Amino acid sequence: MTRHFRELSVAGALILVLAALAIFAPGFYQPQPLLSLATREAPTLVVACGMALVIICRQIDISVGSQFAVCSVSAGLLAAQNTPTALVGLAAIGIGALLGAINGTLIAGLRLPSIVVTLATMVTWREALRLQRQGAFVNLPDRLQWLGLSQSSGQWVLVAAAVALLAALGLAMRHVAAGRFVYAVGTDAEAARLAGMRPQLVTFLTFVFMGALTGLAAMMNVAQSPQVDPKSGTGLELKAIAAVVVGGVAISGGRGTLWGVFVGLLLLACVSPALTHLHVEAYWEKAIQGAIILLAVVADGVRTRKTDR
Amino acid sequence: MPAPLLELRQLAKSFGGARALRGVDFDLHAGEVHALLGENGAGKSTLIKIVTGAHQPDSGTITLEGKVVAGLSPAAAHRLGIACIYQQPALFPDLTVAENIGLRLEPGSALRRVGWRQRRDRAVRLLGQIGANIPPEVEVRALSMPEQQLVEIACALGAGARIVIMDEPTSSLTQKEQHLLFSVVRELRQNGVGVIYISHRLEEIFALADRVTVLRDGQSVGTSAVSEINEAALIRMMVGREMTQIYPPGESAPGNVVLKLRDVGCKASGVHAVSLEVRAGEVFGLAGLVGAGRTELARILFGLTPADAGEIELAGTRLAIRSPEEAMNRGIAYVPEDRRRHGVVLEMPVAENMTMAVHRRIFKGAWLRFGAERSLALDYIRDLAVKCSGPDAPAGSLSGGNQQKVSLARWLATKPQLLILDEPTQGVDVGAKSEIHRIVRRLARDGLAVLLISSDLPEILGMSDRIGVMRGGTMTAVLPGNADAHAVMSAALGQTR
Amino acid sequence: MSENSRSRWKSLLLRHETALLFVVVIEWLCFNAIGPRFGTLDNNFDILRHTVEIGLLALVMTPIILTGGIDLSVGSLLGLCAILFGKLWRDAGLSPFAAGLVTLGLGALAGGLNASLITLLRLPPLIVTLGTYSLFRGVAEAITRGADTFTNFPASFLFLGQERWLGLPTQMWLFCGVAVVVWLLVHRTTFGRSFRAIGFSPEGARYAGLPVRSRLALVYVLAGVVAALAAIIYTARLGQAKADAGTGYELFAITAVVLGGTSIFGGVGTVHGTLLGVAAIAVLNNGLVHARQPREAAGMLTGALLLLALSAGVAPKLWAAWRSRHHASPSPAPKST
């Protein structure tokens, strides 16, 4: 009970928001808009899963938005050349992993602080993309739409894929040794070294994995629109970090679960439709996101200060 | 006789200028508990770190079951069955007990499945073997220090370690936990494990150990079977040096009471009901074992962990000290124990370190005055005979003793009423050590009240006008300055006989 | 004696700042050779004008990084302050001068939010300023509803950003003023001393009786005030205030500071190094435009430059560690590798 206190309190907040919506804006509960909302958030969920791993490992990655855009545009360009869809997906994941490996090399290999490294790669990839595309969208062939399925089944497939990935990863983080290594390194890298792990390798691989998931998310994004915006993914890093922090993953590493991240993301995803339904202007979304991040870290900060005493 | 499990020959190790080990011989047989005894700074922890592969010796050999081992790494030591239970266990605080044990013991690929039930059962079994009543699913951060040590022992047990090093395992255990631990150690011995047992408590050594080796100043002074030696002889071996060093004569003419404590305590740091008086012009020595609460008392007086009980009086005024700034402004100076982390800022020049506590006094209006700073630094460099290339040399480039003098100069510059020195000569070479002693004497003669915390018994005996002995977070005895080593050591060890 | 002065010259030449100065000069000469209009006085004033805001942010980022911290929110705060300034002038009817003063106060308040979360709750600066990075920009967008821009400022106000005064672009005088103040603060007062001590060793600074919390609070509040000043200058230069003002400026500021030789781990660094770092980036940006390269290339190069500067900063340490490991290792290294 106390172990999952954090996750449960977020779930409680989610239920409150849902209840408020049920009372004041019952229009929110319509199957089709809800499915669309879930489909839009599916890529974010995939990225948030990766971000959870990175933060559990006591690092941070703010370059995911740019990685996402690079992967999306690359996938789009490949698809435009009639590459088979499966190959496009693999390429997006591979490119993501490569970008993650660059971050990982600088952070784990050269032991540079992840915040500055990923700040630099964020801008570098974003500007390189702008330079290459000059703002031009990539038009996608029709067969990529919804992976060649009908819209509604395509939507179901994307949402199911994201949730299945979360479930698999959630189980793996608990039941596969490698997942426990990430927790161990995030808790205390020196103790991990003494216990025979290789903390730098774990950190490196976590960033590679983050990149690969970003590539996957990009592919899921490409599949649901007729064009690729080279500006896509702007601000994605903040959404992902917000979901992770709100979901109870400690920014100081080593603590938190993917289930919490899932609930955190649901809560955040409900905020902006809730705002529209409750007649608050959508322009407040970013501000509210920032405020929620701050609230979550303040709450955790107050809580750890109390327990430390 | 079979080859010993572990044999160390003439191990030596220096850190910077300080020689931590200067030729240590030690051996350990299977099924033996071999106690290692020595004052703080005698080189015990360095020795352990070499055996566990954390440090490499400068010279000397390590032989494991007849085979010479070179370049021992932590991983190799682990593989060879060497386990160490540190005072501060290296566990993962955010993870559960079962997982902590699991992560240490489970070999195999990173992609293997984690058997949570198996982990749980193993934790229950291992903890049960040592009779520890710790639920396996709690997070380690929620455990007390002794409980964490028991988890470490369970890990060592599970790893099938053949050499187990215990670094003062009982310093924080209750009576019951201690009995439990003893039976665990006896069991290990029965199973042919060699145990290196480090402790200050003589009664433990006599109850538990087969042999005992005494370390002093980084050298092994002697090894003896426990059955062939008595407590008095052991204490003599430990303190034996007292004749070899000449301390400056004390000519105490104590003045007014500068510091007066009445039942001072602080729950968070485990200090309670400390009463004492320190007068101007006297050196009040504070003796005791590691963990007796001496540094914690100093931290209370310097406002780092403010007191929550009792009264503190400074020069006749009652006051509450809530922060280092406040302590400083009241005329309390603290030269901390951990010189490299707290005493000086290694990367900054000598001069900047020396003026760091007197910014407000010498830099009027916050403007740096490099001339004034330089002349102050030069004064103290001359006065305390600091060996450095000049006031601009980074403090980190100095030897330990000279770093200590820089730290001392920083606090003398504040013109304090009360100077607290915490292990001022630890890890300092002999020459600098006696210089520091002469300086402390001179300061007392000039009317400063000095509170000297030291684990170096001869230093306490040689320097103090009065000696307070702490044990278990409180003051257990105040002895006159001419007390003998045996009396102080006995009080510190809690010997009533 | 001559031995001594020679070694002093040598150490001056080997300094990071000296090397950077050469880089800037060479950069300038190269672009001057490529772009025909690059070397003109007008263009150089243009470089200065465009650099002032980022330069201001880099100046106040220097003490923050010296203490071992970071502030990701300065760019967003610039945007927020620009909007607030416009709002105060247009909707609250204040004169530009009064609106400016109030904006500076609001900047201090926003910096104070960062400062109090970091010092009172001891939260890591990284996550606190990441949160306010989003919060400040979000509030700016909310106030303008994403579309509102403030224009038609009086000429007397635009003088600050678009005209010259005593031969220099007007805002240069303000910039020089702030540069001198920050330089004095960091290099000539006990405050700067404390910043460096905190950056090297926060615990060591506490044990020396330094007021660690109030010093940390100072640097973040200062960053807030100067970000507000940068916002006013930005508005005056462009003649308009929009919610996206200063997007990504935090990266340029951090890059300039790190390029200028300040260690990202705290303790080491100079304000004049930062100024040279700003110059290097500014000349690069403007020069690339004159060399008919797209503007995005400059942003890309800035990011790459930051990574290069960071890597160069740790390279000697890593090299030494690698060497010592290979020399100390008693077992011979496998030949195949």
Side-chain angles (χ1 to χ4, degrees), chain B residues 56 68-73 76 298-299 302-304 323-330 332-349 351-370 373 394-396 407 410-411 413-414 416 422, chain C residues 3-4 7-8 11 63 66-68 119-120 180-216 218 222 262-263 265-271 317 324-333:
Chain B
Q56 303 296 326
V68 176
V69 191
L72 193 66
S73 69
R299 287 171 53 90
F302 195 59
L304 287 157
S323 71
E325 281 174 87
E326 213 169 320
M328 207 171 83
N329 295 338
R330 300 289 191 161
I332 298 175
Y334 176 46
V335 178
E337 179 182 8
D338 191 340
R339 186 168 57 229
R340 300 177 64 83
R341 277 183 58 213
H342 302 145
V344 292
V345 178
L346 296 172
E347 295 88 345
M348 293 177 89
E352 296 186 13
N353 266 294
M354 284 181 174
T355 56
M356 203 172 278
V358 287
H359 278 176
R360 222 166 285 168
R361 186 169 311 162
I362 75 161
F363 302 133
K364 291 276 175 327
W367 292 106
L368 297 180
R369 290 161 58 219
F370 294 103
E373 175 167 69
S407 180
R410 172 195 289 177
W411 289 107
T414 65
D422 196 350
Chain C
E3 183 86 353
N4 195 357
S7 77
R8 186 172 291 176
S11 78
L66 276 180
T67 64
T119 59
L120 297 181
V180 168
V181 168
V182 174
W183 192 88
L184 288 174
L185 181 78
V186 169
H187 295 292
R188 284 292 179 270
T189 68
T190 58
F191 292 97
R193 233 354 129 58
S194 327
F195 301 156
R196 295 202 296 126
I198 293 167
F200 281 128
S201 165
E203 277 294 281
R206 200 158 87 94
Y207 273 79
L210 295 176
V212 175
R213 282 185 186 194
S214 70
R215 292 293 182 267
L216 281 180
L218 173 73
L222 184 69
T262 299
S263 161
F265 303 104
V268 181
T270 61
V271 173
K317 222 166 46 188
S324 77
R325 199 186 313 159
H326 276 251
H327 282 270
S329 158
S331 56

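Quick note on labels: first sequence line is chain A, next is B, and so on, each numbered from 1. We use all heavy atoms of the structure for the numbers below, so side chains are in, but hydrogens, waters and symmetry mates are not. Predicted, not measured: the structure shown is a model, and the values here were computed from it.
- The choice from B:Ala333, B:Gly365, B:Ala366 that makes the most heavy-atom pairs within less than 4.5 Å of chain C is B:Ala366.
- Neither the backbone nor the side chain of B:Arg340 has a heavy atom closer than 4.5 Å to any heavy atom of chain C.
- One finds the OG atom of C:Ser263 at 9.5 Å from the CD atom of B:Glu347 (value rounded to the nearest 0.5 Å).
- Between C:Gly209 and B:Pro324, the shortest heavy-atom contact is CA-CB, 4.1 Å.
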Begin from the C-alpha positions of B:Val345 and C:Arg196 and carry the test side-chain contact (heavy atoms from CB on, under 4.5 Å) through to its verdict.
CA-CA 10 Å; B:Val345 178; C:Arg196 295 202 296 126; over 6 Å; no

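- Note that OG1 of C:Thr189 and NE2 of B:His359 are 9.5 Å apart. Values are rounded to the nearest 0.5 Å.
- The candidate with the highest count of non-hydrogen atom pairs below 4.5 Å against chain C, out of B:Trp367, B:Tyr334, B:Phe302, is B:Trp367.
- For the pair C:Thr190 and B:Leu368, the tightest heavy-atom approach, listed with the atom from each and the gap, is N-CD2, 3.8 Å.
- Atom CZ in C:Arg188 sits 11.5 Å away from atom CZ in B:Phe363 (nearest 0.5 Å).
- C:Tyr207 OH to B:Arg339 CZ: the interatomic distance, rounded to the nearest 0.5 Å, is 14.5 Å.
- The candidate with the highest count of non-hydrogen atom pairs below 4.5 Å against chain B, out of C:Pro211, C:Ser201, C:Gly267, is C:Pro211.
- With a threshold of 4.5 angstrom between heavy atoms, B:Thr355 approaches chain C through side-chain atoms but not through N, CA, C or O.
- Put simply, of B:Arg299, B:Met348, B:Glu352, B:Gln56, the one with the most heavy-atom pairs under 4.5 Å next to chain C is B:Glu352.
- Contact of B:Met356 with chain C is made through backbone and side chain together, with heavy-atom distances under 4.5 Å.
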